[in-house]
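This report refers to the structure that appears directly beneath it.
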There are 4 protein chains.
Amino acid sequence: MTRATASARPPGRPRSGVNAVVFAATLSAVHELGYARATVDRIAAAAGVAKTTIYRRWPSKGELVVDCLLDAFGPVPLEGAGRAELMSSAVRWIAAKISEPGVGDAFAGVFSDAVSDPALRKVLSARLQEPYRVALREALGEPDGRVLFFIDVVVGTLLHRMGMTGEPMVEADVAELVEMVVPHFGGDAGTAEGVSRGSR
Amino acid sequence: MTRATASARPPGRPRSGVNAVVFAATLSAVHELGYARATVDRIAAAAGVAKTTIYRRWPSKGELVVDCLLDAFGPVPLEGAGRAELMSSAVRWIAAKISEPGVGDAFAGVFSDAVSDPALRKVLSARLQEPYRVALREALGEPDGRVLFFIDVVVGTLLHRMGMTGEPMVEADVAELVEMVVPHFGGDAGTAEGVSRGSR
Amino acid sequence: MTRATASARPPGRPRSGVNAVVFAATLSAVHELGYARATVDRIAAAAGVAKTTIYRRWPSKGELVVDCLLDAFGPVPLEGAGRAELMSSAVRWIAAKISEPGVGDAFAGVFSDAVSDPALRKVLSARLQEPYRVALREALGEPDGRVLFFIDVVVGTLLHRMGMTGEPMVEADVAELVEMVVPHFGGDAGTAEGVSRGSR
Amino acid sequence: MTRATASARPPGRPRSGVNAVVFAATLSAVHELGYARATVDRIAAAAGVAKTTIYRRWPSKGELVVDCLLDAFGPVPLEGAGRAELMSSAVRWIAAKISEPGVGDAFAGVFSDAVSDPALRKVLSARLQEPYRVALREALGEPDGRVLFFIDVVVGTLLHRMGMTGEPMVEADVAELVEMVVPHFGGDAGTAEGVSRGSR
DNA sequence: TCGTAAGCGAGACGGTACGTCTGGTCTTTAC
DNA sequence: GTAAAGACCAGACGTACCGTCTCGCTTACGA
């Protein structure tokens, strides 16, 4: 085994590092124009890149935005003393992310496109939901169904507020959201008597 | 003053009763094709009506769908012995409605469109959210903010599930949703000590 | 017979008379920019018309140009005392048409596109060649094969000159072309001994 | 004679014999897909060569095809007893070449492209027409104008037939072409009145 | 019974975005 | 220096949809 089995590096001109620039341009365009009017052409122009370059990397506008969100979110911060703190920090983290300029719009935008586009829906759930679901499942020790329900509640609530008002949820309401979900999902393992008293 | 206060009747040819047909065609088209591909042309064709007729009655596709949903929902059923039962029945009612073929897709669809369209957002919140907010406020005796939060949680969760999976939320999860919100919003007036213990 | 059997008029908004405007814009654009760079977008803009309007009427750029040429050519002038005069005037007519600004370029352009596009080739031969072939066949009393050959020689020669030099054929060469084809196709019926001595 | 007469040899790595391969791939691609869809990418792939290699050797698709045709044609065969036979053999030679698979399509294709591209037109006339014009002028002893006209007629006719029908001109029509041009250009110097006009 | 006001069907039209394709250039690595 | 591989740019193409507009026709009411 001389030179490593895995390809040393693919031949041809390597891709230039435009992903970050495109992501920034995407968020900025979505923030300023809204999801629907954030044209691929406009994003390309803002990023100083040809449209073909974008379509070479992402097969559709939807997938571009999904990757963009993935990049914007990064991994869930799962530090925290107990379950309560852990859940609380996760909720506050996603709420903060969705509040960032462009992110909430972009999220709601792809989400809405995905409603009518099964292919995009698959991408959305596989790329954007799956990793967090897995991470949360391991951190909380809850079955998949519960974790998915947790995500539905938290993200759904935040997006609904965003969609209805055009503004991200204010701090006080995020706090109430935390107060609602933490007890339900078992405030603190060991102390709470009704952990996962859900019917499942 | 003899002639009645409300205008006896507007001049010109009265509108024929096509609204119901258009609503049905809309839901059916959305159910079969998804929101985005449920073209106004297609809806018109399915309803056996000219596109002009639709645009004479509704200024945009979004408002058509809003009216369609309004028609599909009807008033909230607010019967129920106590607060708990009342909230529970409201949650189950909206969950059932969103499960009806086409309704969930249509709801998620307009909702998504509204993200990038402030005008539609205004319509959505004024026509589709307002009436239920008022009804719930009076039935529950909670301040506006709490009621809005309640709606965000319930509807947001249901729509997120619908958008992510393409399927309405199953009964077991609806039950869990009830179990989560009812205690939080004050299980039963009078007995519960922590009614609206929320931070507001 | 009260109202005439033939449909009084089709329903819907009648087409506005944009054809002529589009034809003019097409020739002008082709003349100024050449066939390839005479974009449909540019033609539409020059005609003050939406691109969709063009694509509603003509399925492709090629067919638009074919119709444009058809409009520019008009019917063959088949007056003339004898066969010789008739042929001569036809040759000079097509030579003059091809010399008009834009026409030659447009002709050579579609022609070239048709080489790689069987569908366009069919349109070209059916719409642009057929009528003239029929008219010439009846005027000259020659079999189809001979008429097609006549067209190949005359149009082919003129286009080849145009394509090679970028300029239409000068008068002297057109005269030589006439001198070549007229004797070959039977100078004048009755007098010429070798009328259509061809074997077809 | 050890060192060869001219240039010992250019420095650097000698070009491998890819020209022939590319020419073959070009003709084959054009034959199978038509000129327009015979992409440079596809030609490169078919030749097992990188696109860069093609663009290093030929500055544009047009020039590649011109060289390809030059290679396919080779020199005009100018043997023949008298003028008539000489012209006849030249016509039949070019007709046969244009009938070869891919050659006619390629010729018509570049020709068409040249209409909108002055640079390509220059190349076309300088590389593809000039040598034959010179050879014919010396062989026939006609002035340049006449020779160019001869080429316009013969090549124009053959290409027009090819472009309109998609098929090369059949033998019978080639014969008629010969019968038309030979007398016009002076069948046999001074003597022959009707050289081989009845050959069909 | 006629005029006015509006509803309605059919479809053209403007505008705008999407995603695809191509020609041609540039960058990197390997020989 | 030549070649392979492929990223990149610029920009045209054809399609889809929305919402508006233009017609001709029909239905109602009121004078």
Side-chain angles (χ1 to χ4, degrees), chain A residues 8-16 18 36-42 44-45 48-62, chain B residues 8-16 18 36-42 44-45 48-62 64 113, chain C residues 8-16 18 36-44 48-62, chain D residues 10-16 18 36-45 48-62 64 113 117:
Chain A
R9 182 176 148 185
R13 176 176 174 175
R15 292 192 170 175
S16 58
V18 296
R37 293 197 324 204
T39 311
V40 176
D41 276 284
R42 260 191 274 246
V49 142
K51 193 166 60 151
T52 25
T53 298
I54 290 186
Y55 277 104
R56 189 178 314 107
R57 294 169 183 230
W58 299 278
S60 71
K61 180 181 169 181
Chain B
R9 180 173 147 187
R13 175 177 175 178
R15 292 189 170 176
S16 57
V18 296
R37 294 198 325 206
T39 312
V40 176
D41 277 281
R42 264 192 270 243
V49 143
K51 193 165 63 150
T52 6
T53 299
I54 290 184
Y55 276 104
R56 190 176 311 108
R57 295 170 183 228
W58 298 277
S60 71
K61 180 182 171 180
L64 161 61
D113 268 14
Chain C
R9 181 174 145 187
R13 177 175 175 176
R15 293 195 165 174
S16 55
V18 295
R37 294 196 323 204
T39 312
V40 175
D41 276 286
R42 259 192 271 246
I43 292 171
V49 142
K51 190 169 62 153
T52 31
T53 298
I54 290 186
Y55 277 105
R56 190 177 313 107
R57 294 172 181 228
W58 299 278
S60 70
K61 180 181 171 181
Chain D
R13 174 172 171 178
R15 291 188 170 180
S16 52
V18 295
R37 295 198 322 206
T39 312
V40 177
D41 278 282
R42 264 190 270 245
I43 292 172
V49 142
K51 194 163 64 147
T52 353
T53 301
I54 291 184
Y55 276 104
R56 192 174 311 108
R57 295 171 181 228
W58 298 276
S60 71
K61 180 182 171 180
L64 161 62
D113 267 14
D117 182 348

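Keep in mind that this is a model prediction, so the values were computed, not measured.
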Practice problem: For residues D/Y55 and D/L64, determine if any side-chain heavy atom of one lies less than 4.5 Å from a side-chain heavy atom of the other. | Solution: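 No. Closest side-chain heavy atoms not under 4.5 Å.
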Tell me which of A/S60 and C/A50 sits closer to the 5' end of DNA chain E, going by the nucleotide each one is nearest to.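 Its nearest nucleotide being more 5', the pick is C/A50.
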When D/R42 and C/V49 are each assigned the nearest nucleotide of DNA chain E, the 5'-most assignment goes to C/V49
How many Å lie between [atom1] on [X] and [atom2] on [N], as a whole number?
{"X": "B/K51", "N": "F/dA16", "atom1": "NZ", "atom2": "C1'", "result": "12 Å"}
{"X": "A/R13", "N": "E/dG24", "atom1": "CZ", "atom2": "C1'", "result": "13 Å"}
{"X": "B/Y55", "N": "F/dC23", "atom1": "OH", "atom2": "C1'", "result": "20 Å"}
{"X": "C/R15", "N": "E/dA10", "atom1": "CZ", "atom2": "C1'", "result": "13 Å"}
{"X": "C/I43", "N": "F/dA12", "atom1": "CD1", "atom2": "P", "result": "12 Å"}
{"X": "A/R37", "N": "E/dG15", "atom1": "CZ", "atom2": "C1'", "result": "14 Å"}
{"X": "B/D41", "N": "E/dC13", "atom1": "CG", "atom2": "P", "result": "16 Å"}
{"X": "A/R57", "N": "E/dT20", "atom1": "CZ", "atom2": "P", "result": "17 Å"}

Distance test, side-chain N/O of [X] to OP1/OP2 of [N], below 4.0 Å:
{"X": "C/K61", "N": "F/dC13", "result": "yes"}
{"X": "B/S16", "N": "E/dG7", "result": "no"}
{"X": "B/T39", "N": "F/dC17", "result": "yes"}
{"X": "D/T52", "N": "E/dC26", "result": "no"}

Check: Shortest non-hydrogen contact from D/A44 to D/A50?
Finding: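 For D/A44 versus D/A50, the nearest heavy atoms are CB-C, 4.1 Å.
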**Prompt:** Mapping A/R56 and D/G48 to their closest nucleotides on DNA chain F, which lands nearer the 5' end?
**Reply:**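 This one resolves to D/G48.
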5'-most contact on DNA chain F (nearest-nucleotide basis), A/P14 vs C/A38, goes to A/P14
Taken to the nearest 0.5 Å, the spacing of C/R37 CZ from D/D117 CG works out to 8.5 Å
| Approximate separation, where rounding is to 0.5 Å, of A/K61 NZ and A/T39 OG1 |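 Answer for the NZ-OG1 pair, A/K61 versus A/T39, is 6.5 Å.
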*Backbone N/O of A/K51 and side chain of A/R56: donor-acceptor pair under 3.5 Å*: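 Not at all, since once roles are kept as given, no pair shorter than 3.5 Å links the two residues.
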